[in-house]
Amino acid sequence: MTIVSPPPRVFHALLQMVLSADGVGDEIARDLGDEFERDFREVGRRIAGARYRRRVVEVALYYVWDHVRGRTWARSSQGRPSPAPQRDLGSEPRRRLNMLVESLYTLHNDVRIAVRMLVKRPGFAAILTVTIALGVGANVTIFTLVNEILLRPLPIGDPQRVVEVYADAPMSNGFSGFSYPDFVDYRDRVVMFAELAALHGTAVRLGDDARGQQVSATFVTRNYFDVLEVRPVLGRAFLPEETVRHGANAVTIVSHGFWQRVLGGRTDVLASPIRMNGAPVTVVGILPEGFSGTFIGFPVDVWLPLPLAETQVPVFDLDDRSQETLEFIGRLRPGISALQASAALDNVSGILDVEHPIEGRRRGVGVAPATGVDHSIRRGVIGFLGVLMAVTGIVLLLVCLNVGNMLMAHAAARRREMATRLALGARRTRLLRQLLVETLVVFMLGGVAALFVSDWATDVVASVMPSSSFRLAFDLSIDWRVWTFAVGVTFAAACATVLVPARETFTNDPISALRATGGQDDRRGTRLRSMFVVAQVMGAVDLMASAGLFLRSVQQGTTLDPGYDAERVFAAVMVLPDAQYDAERRGAFFRDLSDRLVGQPEIESVALAARPPIGLARSTMEIQVPAVQPPPGETGWYVEARQVGEDYFATLGVSTLSGRVFDRKDYLDERGVAIVNATMARQFWGGSDPVGQTISRSGQEVTIVGVVADTRYLIQDMVPGSLAYLPWPASYPERVTLLIRAAPGVAIAGRVQDAIMTLDATLPPPMIRTVRQQINASLLPQRAAASVISLLGVFGLLLASLGVYGVLAHAVERRKKEIAIRMAVGGHAASVVGLFVRAGLRLVLSGLVLGTIASLVLTPLLRGLLVGVEPSDPLTFASVLVVFLAVAVIACLVPAYRAVGVDPATALRSD
Amino acid sequence: MVHKALVGEFEQMVLLSILQLDEDAYAPNLARHLEASVKRTVSRGALYSCLNQLDDKGYLRWKLVAPTWDGGGHTRRRYQVTPRGVRVLRESRAGLLTLWRGLEDLLA
């Protein structure tokens with residue numbers, strides 16, 4: 001005898017629950033149970049179970065469908081349908097479940113219809129999918145960058161309590177560090193921090209060879225990892241005896257990436273030494289994957305105790321209060337706000353300025369949240385990313401307009417169907433929901449494809465990052481924020497897109513729609529689509545104008561004339577460590593180097609300077625000029641200042657306008673002399689020659705001995721300001737910029753490095769670049785923006801062109817008969833072509849005019865990011881208009897020529 | 001006389017099965033009989049829905065039968081075709097036979 005198991009319980013319960021409202025659940029469950037029992041005996045449990053499940057699903061679906069149509073399955077004892085209240089027999093959850101099941105069934109149907117529609121028109125579906133994928137993908141890509149830089153918190157413990165401490169210096173680019181004695185004072189006097197740590201970021205070379213691989217390093221105080229609440233996952237943290245001066249061992253903690261990349265992920269790497277800057281250092285800990293310091297985009301490879309910097313980093317002196325190269329990071333005590341900490345720090349800063357005055361230093365100290373982006377550039381970064389998000393937002397708007405246009409054309413073809421259903425009693429909300437589902441299905445396909453587009457695009461963004469002495473890397477992985485954004489923007493775009501075709505379909509009277517014949521002109525729909533195209537052209541003009549301005553910035557930046565031949569002047573930053581060179585040895589080194597280089601053919605002149613002749617950072621000094629009152633509230637004038645060595649002006653090729661350049665005596669006797677540029681001469685002495693005049697600097701009198709021609713010293717400033725040159729002290733500092741003037745077209749980097757190696761083989765070879773190459777390297781933000789926005793601009797142009805083509809193609813289709821009649825009665829093809837081209841160009845020109853006006857209003861927002869070009873640059877706008885018109889003419893010609901290809905007989909016969 | 005209400009194909013099949021099964025016209029038996037007759041799977045949901053529709057149209061009636069040992073030991077619903085249902089089956093058959101006339105060789 002076969003023992004029959006009960007039917008699958010879940011499906012049994014489902015059946016009873018779904019059908020319980022009409023009181024027939026038990027009965028049908030018993031019937032199906034009987035069949036299950038019979039099948040069990042005949043064909044076995046597995047097949048019986050499969051049949052049972054299938055039957056339960058069929059019954060449930062038919063039950064729901066009948067309910068949707070208003071048919072109940074309830075039966076009274078007389079065999080007639082029971083009244084509806086039986087459905088409310090204290091089963092509110094069941095009623096809600098029934099409603100949910102009905103909605104899901106309807107949704108399932110709508111999705112099926114939408115998918116069928118797309119399958120029937122694969123070309124239409126493909127165009128929609130690709131268009132949406134590109135638009136959404138661009139937005140997701142930029143958001144991935146925004147997420148990494150601005151939104152994702154640092155992988156540290158309780159990041160809200162961690163702050164970076166900054167010092168604001170006047171008339172500089174905002175960055176000013178601290179010294180180690182400062183750190184001790186702040187740590188001891190400011191009680192707002194649970195822990196305050198100091199760090200110094202630099203680079204170290206692996207191995208003994210001066211040409212060994214350079215890696216990013218940070219020297220930190222012992223409590224650095226306590227501030228961040230980050231612990232090594234392998235090994236240990238620094239021991240107290242390792243973090244004092246002349247400590248027990250030279251140790252290091254490395255990042256997970258460094259361990260994998262450089263140390264091969266070996267498990268025996270702990271407690272084994274590696275060579276850094278020629279000295280042995282023992283690896284004692286490996287940090288968790290994902291942590292690479294507190295500055296996004298600049299991953300740190302190794303961390304070392306701060307006292308080790310005195311032997312590893314040139315001229316590093318923990319006792320020197322004037323050496324302000326440290327940054328602070330702290331964890332606030334519970335209940336302490338950033339404002340309170342800022343006030344306390346600023347107070348101590350004022351006290352320290354009195355106790356230990358340093359010439360020219362006057363600053364405020366505060367805290368900012370440790371977000372991974374330095375507070376001094378955070379605003380600029382937000383602005384830059386904001387521009388990118390706005391640009392991709394415009395692209396998405398263009399996509400919505402384009403997709404809306406295509407869906408409108410599709411909806412127009414279905415007007416009769418919709419009108420029929422409305423006339424038969426279908427609710428507008430039901431039809432609108434169907435339209436929304438169809439649009440959502442299309443956008444979902446596009447959204448999925450957008451993730452692939454975004455994946456490819458983020459690889460492209462990562463590859464745009466330049467090579468430099470510091471490794472620049474972002475984690476552009478997709479997390480829950482990116483997913484949420486992708487889903488949200490896809491859904492929002494779908495909802496925005498569906499409104500117009502829905503409105504177009506449903507605001508028309510069904511009767512008139514039913515009366516309409518197939519070829520009748522839909523004036524309102526055509527007008528709306530034309531407006532869409534004009535809006536698309538407007539948006540595309542904005543994109544192309546922005547792209548053009550950034551391209552011009554790059555072009556202006558790379559071709560800017562600094563006032564001398566930037567291709568012939570080479571610059572290299574050199575460091576002669578204090579540990580190996582005193583002032584006398586340093587002077588002898590540079591004299592020997594200069595003699596070796598000048599003696600070579602094709603090298604004309606060599607000079608030294610405190611910094612490269614052009615860059616992005618300011619360096620100012622305060623002066624007083626007799627008879628020229630400083631601005632109200634100020635004690636003097638701030639002008640740019642540069643310390644330069646002998647032969648500086650000859651090496652650059654800057655002409656002397658009046659007086660003389662510095663001579664040897666100026667350097668040896670350390671005279672108080674200065675040379676000013678032409679702008680400074682005009683600013684303070686008007687039309688008269690300032691040679692012989694005096695200015696005051698830090699209480700000392702300085703005599704002007706010469707005036708030289710203006711040069712560009714800041715890349716971002718199109719017009720040079722006042723600049724004063726001062727002679728460098730005879731005892732050279734540890735860090736100098738070596739300037740070399742060579743014959744045109746000569747590469748000298750190798751010769752310079754050989755000369756340095758000959759004098760001292762232990763010195764790391766400096767990067768030797770022409771001034772032109774230095775300028776180009778500084779233009780990274782503009783290059784990145786130009787690349788990204790250009791791509792988007794081209795996409796916008798393509799979308800707008802497709803829009804124009806679509807409107808004209810639709811017009812050709814609508815007017816087929818008219819064209820056929822024209823051609824049949826002897827009309828010329830040229831006149832038909834001209835008719836449609838003129839119609840298309842009218843749309844394009846409207847969009848161009850409106851887009852240009854909008855761009856002129858919006859592009860001034862980009863002023864801070866542009867180099868050497870005004871936001872209303874006429875050349876840029878003219879180029880955009882010409883390119884757009886050319887592409888638009890092609891977009892008009894294609895459908896126009898199709899129009900003349902219409903066979904009159906076929907067109908006249910068709911309905 | 002022409003009946004304005006007609007029955008669909010499946011409805012006819014269900015009514016005919018009920019007539020065939022007579023005292024055994026319970027839903028599970030109807031399903032099995034239909035599947036054996038037309039050699040295809042019959043959706044139980046379609047069957048129950050159809051039974052309800054036929055009941056609404058007055059072409060069948062049902063009666064609850066007391067539990068029996070061979071009936072699964074529980075109350076079951078037995079269906080029966082009403083006179084109205086028989087009438088509509090006759091008319092449908094007459095109509096089909098009219099249409100079939102002359103096509104015996106082709107469709108037999």
Side-chain angles (χ1 to χ4, degrees), chain A residues 4 6-7 11-12 14-16 18-19 22-43 47-48 50-83 101 105, chain B residues 8 10-11 13-15 17-18 21 23-36 39-85:
Chain A
V4 178
F11 282 78
H12 180 77
L14 175 67
L15 185 69
Q16 287 189 306
V18 170
L19 271 61
D22 285 348
V24 296
D26 287 342
E27 179 189 326
I28 296 178
R30 284 197 295 267
D31 285 344
L32 294 184
D34 289 344
E35 292 197 73
F36 170 80
E37 197 175 316
R38 186 182 58 206
D39 289 333
F40 191 102
R41 291 200 173 91
E42 291 177 2
V43 293
I47 296 176
R51 287 180 184 176
Y52 182 83
R53 292 186 194 94
R54 175 172 52 80
R55 287 164 186 162
V56 166
V57 172
E58 286 168 358
V59 168
L61 287 176
Y62 267 90
Y63 174 81
V64 168
W65 183 238
D66 276 351
H67 266 259
V68 168
R69 294 185 295 177
R71 292 184 193 149
T72 177
W73 285 14
R75 294 282 175 262
S76 68
S77 58
Q78 280 72 42
R80 292 266 73 82
S82 296
V101 171
Y105 189 84
Chain B
F10 189 63
E11 287 174 327
M13 289 163 60
V14 170
L15 289 172
S17 292
I18 294 172
L21 290 174
E23 294 291 318
D24 288 329
Y26 303 102
N29 297 343
L30 287 172
R32 195 176 176 111
H33 183 263
L34 281 166
E35 286 178 345
K39 304 284 188 290
R40 69 174 193 228
T41 307
V42 169
S43 162
R44 299 306 187 266
L47 174 63
Y48 284 104
S49 179
C50 181
L51 288 169
N52 278 306
Q53 284 183 47
L54 292 170
D55 187 17
D56 288 345
K57 291 178 184 176
Y59 297 158
L60 62 76
R61 57 173 170 258
W62 51 267
K63 165 165 106 168
L64 290 176
V65 174
T68 57
W69 283 112
D70 61 349
H74 56 78
T75 308
R76 294 180 291 171
R77 193 186 298 253
R78 187 169 66 204
Y79 295 92
Q80 198 176 19
V81 181
T82 60
R84 194 173 167 194

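Values in this document were obtained by computation on a predicted structure and should not be read as measured data. Chain identifiers are assigned alphabetically (A, B, ...) following the order of the sequence lines, protein sequences preceding nucleic acid strands; residue numbering begins at 1 within each chain.
In this view, B:Thr82 satisfies the side-chain hydrogen bond (donor to acceptor under 3.5 Å, both in side chains) rule with no residue, not counting sequence neighbours. Contacts of A:Arg53 classified as side-chain hydrogen bond (donor to acceptor under 3.5 Å, both in side chains), with partners at least two apart in sequence or in another chain: none.
With a 4.5 Å cut-off on non-hydrogen atoms, A:Arg51 does not touch chain B at all. In this structure, chain A has a heavy atom under 4.5 Å from the side chain of B:Ala31, while its backbone stays farther away.
Remark: the A:Asp34 side chain and the B:Tyr26 side chain contain no N/O donor-acceptor pair separated by less than 3.5 Å.
The structure places CD1 of A:Ile28 at 8.0 Å from CZ of B:Arg77, a figure rounded to the nearest 0.5 Å. One finds the CH2 atom of A:Trp73 at 9.0 Å from the CG atom of B:Leu51 (value rounded to the nearest 0.5 Å). Distance check: B:Leu47 CG to A:Arg55 CZ gives 11.0 Å after rounding to the nearest 0.5 Å.
In terms of heavy atoms, B:Ser49 sits closest to A:Asp66 at OG-OD2, 2.6 Å. Closest approach of A:Glu58 to B:Arg44, counting heavy atoms only: OE1-N, 3.0 Å. Of all heavy-atom pairs between A:Asp31 and B:Ala27, the closest is OD2-CB, 3.7 Å.
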